[in-house]
Colleague: 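First the structure, which I've put down as structure tokens, then a few questions once you've had a look.
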Amino acid sequence: MASWVVPGAALESGKGWKLWLSSTGNEAFPSGPVTVRDMQGQIHQSRTVWSLQSPLPGLDRKIGIATVLLRHPRAGRLYSVEIPGLEPVRLRSLPDTLDKPVSFMFSSCFWHPADREGRYAAAVKAIPSHWTPAFKFLLGDQVYCDWPADLSWDFRARTAYEVYGSRYHTYWSDEAYRAMLGTSPNFFLCEDHEYWNDYPEFQFHLMRSWRGYRDAYAQAADRYYQAFQACNNPSDTRWYTFHVSPVSFFVSDSRSGRQPHRSPASQFFVEEQWRALEAWATALRGPGLLVLGQPLLQKDGDFRDHSLSNFRRDYDRLWTVLERATHDIFLISGDIHTNRYSIARRGSRTVREFIASPAAMIRPGSTTPETPPSLIRVGEGERARTWKVDQDPYLCLSNTVGLVRMSQGTNRRIRLELGLWQIRPHNVPDRPEGRATHAYAEGDFRFVLRDEVELR
């Protein structure tokens with residue numbers, strides 16, 4: 001099909017959804033009336049705001065966003081959204097309370113060459129019905145734009161926009177990958193490989209990070225991220241909040257506005273995001289879920305890949321947000337090619353971090369899980385403090401997606417049931433190139449972790 005449709009964010013209070021659409025350069029853009037039906041076939045009144053994006057150099061496709069707004073929103077309901085000429089998309093409106101359990105999915109790090117048979121899509125479709133996600137977070141490295149690295153002569157023969165356009169087209173043209181995206185509304189977040197490894201730091205093996213190339217490649221990467229991913233999110237900013245009362249989500253962006261860790265302006269959050277995050281944490285009326293592209297409970301990185309902890313000032317400020325929060329904040333993250341559930345403690349305070357990574361292991365990939373540090377020291381002088389990290393975290397290297405099922409707990413707390421849903425062991429070899437299919441391969445999909453916690 002020459003036209004593609006991908007669900008974007010579900011809008012707060014069940015108001016509707018964003019839909020991402022794309023058609024080839026010589027095909028009419030699908031901008032006709034949108035019909036919304038419930039599962040009994042009844043039509044629900046809606047209006048659609050269409051927005052066609054500026055053409056992207058290096059890509060012979062038109063891209064636009066349809067914002068579908070229900071005239072009489074009904075939170076948490078399942079609908080069929082129909083655009084003329086395209087297959088209907090079944091989407092749930094965003095729940096606004098936990099009167100019934102609400103599940104969501106999160107994943108990161110999808111290396112397309114390791115999933116040519118479509119097991120990622122198959123695994124998401126096979127999630128047990130009582131865990132069916134109402135929405136999902138895609139936490140970065142949806143596209144590896146820098147690996148395999150372009151050969152030098154090929155790299156110099158193409159513009160920056162052609163390099164990124166080719167890689168995005170490879171991923172989004174994959175019917176199996178789009179089928180996975182189409183299973184529920186999507187909230188997007190970028191990480192370094194949407195730009196280049198350890199962006200914005202210099203990488204000696206990547207010409208795009210060298211002086212004379214980096215500005216052009218950073219601009220092209222950012223425009224492609226905006227056009228394929230960020231435009232689907234509910235806010236014009238790269239960070240945003242929404243609520244499923246009493247739970248509140250803050251989806252952060254520690255990558256696209258990052259400045260090199262040794263620069264005078266060293267940062268992973270821009271100041272406007274800091275103000276929004278600090279205001280969110282102090283205004284919580286129930287548990288908070290903070291969505292991070294990179295883990296918080298991570299050892300210092302080096303020239304190959306820097307961690308949040310390398311940014312000492314911002315790292316201390318983020319821990320301060322957690323320490324001063326009015327309610328528990330639970331962390332969701334990815335990036336490190338290790339599935340992990342870790343707990344840090346200081347006095348009566350506890351910080352839990354749940355990581356799902358990868359969805360499809362890059363090759364060559366990790367052979368040893370990345371463990372968290374045993375101690376985390378933040379602040380200096382009188383503000384210095386130490387968090388102790390439990391040294392029996394759950395760790396595995398399998399390809400997985402993370403699942404969280406939220407419900408009412410005991411004593412007015414909120415219960416989070418946690419699951420890692422295995423796609424396949426990381427070391428199962430791919431099918432030969434000549435036999436690649438999109439049969440949505442079946443397999444031994446199962447939980448490799450089940451746990452739960454109650455938050456106040």
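Residue numbers start at 1 and run along the sequence shown. Below, all heavy atoms of this structure are taken into account, side chains as well, without hydrogens, waters or symmetry copies.
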Colleague: Checking His243 against Glu12: is there a side-chain donor and acceptor pair closer than 3.5 Å?
Modeller: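 There is such a pair between these side chains.
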Colleague: Checking side-chain polar atoms at under 3.5 Å, does Gln391 have a donor or acceptor matched by the opposite partner on Ser374?
Modeller: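 Short answer, no.
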Colleague: Would Tyr240 and Asn233 count as having a side-chain donor-acceptor pair, cut-off 3.5 Å?
Modeller: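 Checked: Tyr240/Asn233 side chains pair up, N/O donor to acceptor below 3.5 Å.
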Colleague: Are Phe135 and Phe242 close enough, and set up right, to give a ring-ring contact (aromatic ring centres under 6.0 Å, His included), and what steps lead you there?
Modeller: CA-CA 12 Å; Phe135 54 90; Phe242 64 91; 5.6 Å; yes
Colleague: Can we say Arg345 and Asp390 salt-bridge, meaning some charged N sits less than 4.0 Å from an Asp/Glu carboxylate O?
Modeller: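 Judged by the 4.0 Å cut-off on N to carboxylate O distance, Arg345 and Asp390 do form a salt bridge.
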Colleague: So, Trp274 side chain and Leu318 main chain: donor-acceptor pair closer than 3.5 Å or not?
Modeller: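 Here the side-chain-to-backbone pair does not exist.
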Colleague: Just by distance, no angles: are the side chains of His193 and Asp146 close enough, under 3.5 Å, to form a donor-acceptor pair?
Modeller: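 The criterion, which ignores hydrogens and geometry beyond distance, is satisfied for Asp146 and His193.
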Colleague: Looking at Asp222 and Arg238, is there a salt bridge between them, counting it only when a charged N and a carboxylate O are closer than 4.0 Å?
Modeller: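 Yes, this pair counts.
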Colleague: Distance from Arg178 atom CZ to Thr183 atom OG1, nearest 0.5 Å?
Modeller: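 Result: 13.5 Å between the selected atoms.
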Colleague: Side chain of Glu353, backbone of Leu297: donor and acceptor closer than 3.5 Å?
Modeller: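 Between the backbone of Leu297 and the side chain of Glu353 there is a qualifying donor-acceptor contact (under 3.5 Å).
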Colleague: Sequence neighbours excluded, which residues qualify as ring pair (Phe, Tyr, Trp, His ring centres under 6.0 Å) partners of Phe188?
Modeller: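 Applying ring pair (Phe, Tyr, Trp, His ring centres under 6.0 Å) to Phe188 gives none.
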Colleague: Taking atom types as modelled, find out whether Thr320 and Arg383 have a side-chain donor-acceptor pair closer than 3.5 angstrom.
Modeller: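 Note: Thr320 and Arg383 side chains meet the donor-acceptor criterion.
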Colleague: Could I get the full list of ring pair (Phe, Tyr, Trp, His ring centres under 6.0 Å) partners for Tyr168, not counting sequence neighbours?
Modeller: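 Trp172, Tyr224, Phe228.
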Colleague: Between the side chains of Lys299 and Thr371, is a donor N or O closer than 3.5 angstrom to an acceptor N or O?
Modeller: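 The criterion, which ignores hydrogens and geometry beyond distance, is satisfied for Thr371 and Lys299.
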Colleague: Ring centroid separation for Trp196 and Tyr199, is it under 6.0 angstrom?
Modeller: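 Yes, the ring centres sit under 6.0 Å apart.
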Colleague: What do you reckon, is CZ of Arg405 surrounded by more than 12 foreign heavy atoms closer than 6.0 Å?
Modeller: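 Above 12, so yes.
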Colleague: Strictly below 4.0 Å, N to O, side chains only: are Arg352 and Asp328 in salt-bridge contact?
Modeller: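 Not counted as a salt bridge, because no side-chain N and carboxylate O are separated by less than 4.0 Å.
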Colleague: Could you check whether any side-chain N or O of Ser248 sits under 3.5 Å from a backbone N or O of Val244, counting only pairs where one atom can act as donor and the other as acceptor?
Modeller: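 No.
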Colleague: Report the C-alpha distance between Tyr315 and Val378 in whole Å, list the side-chain angles of each, state the deciding distance to 0.1 Å, and finish with yes or no for side-chain contact (heavy atoms from CB on, under 4.5 Å).
Modeller: CA-CA 7 Å; Tyr315 194 61; Val378 291; 3.7 Å; yes
Colleague: What's the separation between atom CG in Leu416 and atom CZ in Phe104, rounded to the nearest 0.5 Å?
Modeller: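 If I round to the nearest 0.5 Å, the distance is 7.0 Å.
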Colleague: Hydrogens and angles aside, do Ser342 and Arg340 bring a side-chain donor and acceptor to less than 3.5 Å of each other?
Modeller: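 Indeed, the side chains of Ser342 and Arg340 share at least one donor-acceptor pair under 3.5 Å.
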Colleague: Consider only side-chain N and O atoms of Gln53 and Gln226, and report whether a donor and an acceptor are under 3.5 Å apart.
Modeller: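 No, because no side-chain N or O of Gln53 sits under 3.5 Å from a partner of the opposite role on Gln226.
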Colleague: Can you tell me how far CG of Leu206 sits from CH2 of Trp147, rounded to the nearest 0.5 angstrom?
Modeller: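 Separation between the atoms: 8.5 Å.
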Colleague: Can you tell me how far the NZ atom of Lys136 sits from the OG atom of Ser107, to the nearest 0.5 Å?
Modeller: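 Nearest 0.5 Å value for the NZ-OG distance: 8.0 Å.
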Colleague: Answer yes when Arg262 and Glu201 have at least one side-chain N-carboxylate O distance shorter than 4.0 Å, and no when they do not.
Modeller: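 A salt bridge is absent here (no side-chain N lies under 4.0 Å from a carboxylate O).
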Colleague: Measuring from atom OH of Tyr225 to atom SG of Cys231, what distance do you get when rounded to the nearest 0.5 angstrom?
Modeller: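 Rounded to the nearest 0.5 Å, the OH-SG separation comes out at 9.5 Å.
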Colleague: Around atom CZ of Arg349, are there more than 12 heavy atoms of other residues, nucleotides or ligands at under 6.0 Å?
Modeller: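 Yes, the 6.0 Å shell around CZ holds more than 12 heavy atoms from other groups.
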Colleague: Give a yes-or-no answer on whether the side chains of Ser22 and Arg61 include a donor-acceptor pair shorter than 3.5 Å.
Modeller: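 Result is yes, a qualifying pair exists.
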Colleague: Can you see whether Gln142 engages Glu191 through a side-chain donor-acceptor pair at a distance of less than 3.5 angstrom?
Modeller: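 No.
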Colleague: Do any N or O atoms from the side chain of Ser366 and from the backbone of Thr368 form a donor-acceptor pair under 3.5 angstrom?
Modeller: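 No: the side chain of Ser366 does not pair with the backbone of Thr368.
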Colleague: Going by an N to O cut-off under 4.0 Å, is there a salt bridge joining Glu271 and Arg317?
Modeller: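 Result for this pair is yes, salt bridge flagged.
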Colleague: Indicate yes or no for a side-chain donor-acceptor contact from Tyr164 to the backbone of Tyr195 under 3.5 Å, with no hydrogens or angles considered.
Modeller: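 Yes, because the side chain of Tyr164 sits within donor-acceptor range (under 3.5 Å) of the backbone of Tyr195.
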Colleague: In terms of side-chain geometry, is the basic nitrogen of Arg255 or Asp141 positioned less than 4.0 Å from the acidic oxygen of its partner?
Modeller: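 A salt bridge is absent here (no side-chain N lies under 4.0 Å from a carboxylate O).
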Colleague: Between CG of Asn399 and CD1 of Ile423, what distance do you get to the nearest 0.5 Å?
Modeller: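 So the CG of Asn399 and the CD1 of Ile423 are separated by 5.5 Å.
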Colleague: Do we see a donor-acceptor contact under 3.5 Å between the side chains of Asn339 and Thr400?
Modeller: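 Yes, side-chain donor-acceptor contact under 3.5 Å.
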Colleague: Run the ring-ring contact (aromatic ring centres under 6.0 Å, His included) test on Trp421 and Phe447 for me, step by step, so that the C-alpha distance in whole Å, both residues' side-chain angles and the decisive distance to 0.1 Å come before the verdict.
Modeller: CA-CA 5 Å; Trp421 183 244; Phe447 283 105; 4.9 Å; yes
Colleague: Which atoms form the tightest heavy-atom contact between Ala227 and Ile63, and what is the distance?
Modeller: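 Minimum heavy-atom separation between Ala227 and Ile63: O-CG2, 3.7 Å.
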Colleague: Sub-3.5 Å donor-acceptor pair from the side chain of Asn232 to the main-chain atoms of Ala9, do we have one?
Modeller: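 Side chain of Asn232 to backbone of Ala9, a donor-acceptor pair under 3.5 Å: no, none is there.
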Colleague: For side-chain contact (heavy atoms from CB on, under 4.5 Å), just list the numbers for Gln203 and Trp210, CA-CA rounded to whole Å, side-chain angles, deciding distance to a tenth of an Å, and then say yes or no.
Modeller: CA-CA 7 Å; Gln203 296 282 278; Trp210 298 0; over 6 Å; no
Colleague: Among all residues two or more places apart in sequence or in another chain, which pass the ring pair (Phe, Tyr, Trp, His ring centres under 6.0 Å) test with Tyr394?
Modeller: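 For Tyr394, no residue satisfies ring pair (Phe, Tyr, Trp, His ring centres under 6.0 Å) once neighbours in sequence are set aside.
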Colleague: Is there a donor-acceptor contact under 3.5 Å linking the side chains of Trp4 and Glu175?
Modeller: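 Note: Trp4 and Glu175 side chains miss the donor-acceptor criterion.
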Colleague: Going by atom types only, do Ser309 and Ser307 share a side-chain donor-acceptor pair under 3.5 Å?
Modeller: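 No, because no side-chain N or O of Ser309 sits under 3.5 Å from a partner of the opposite role on Ser307.
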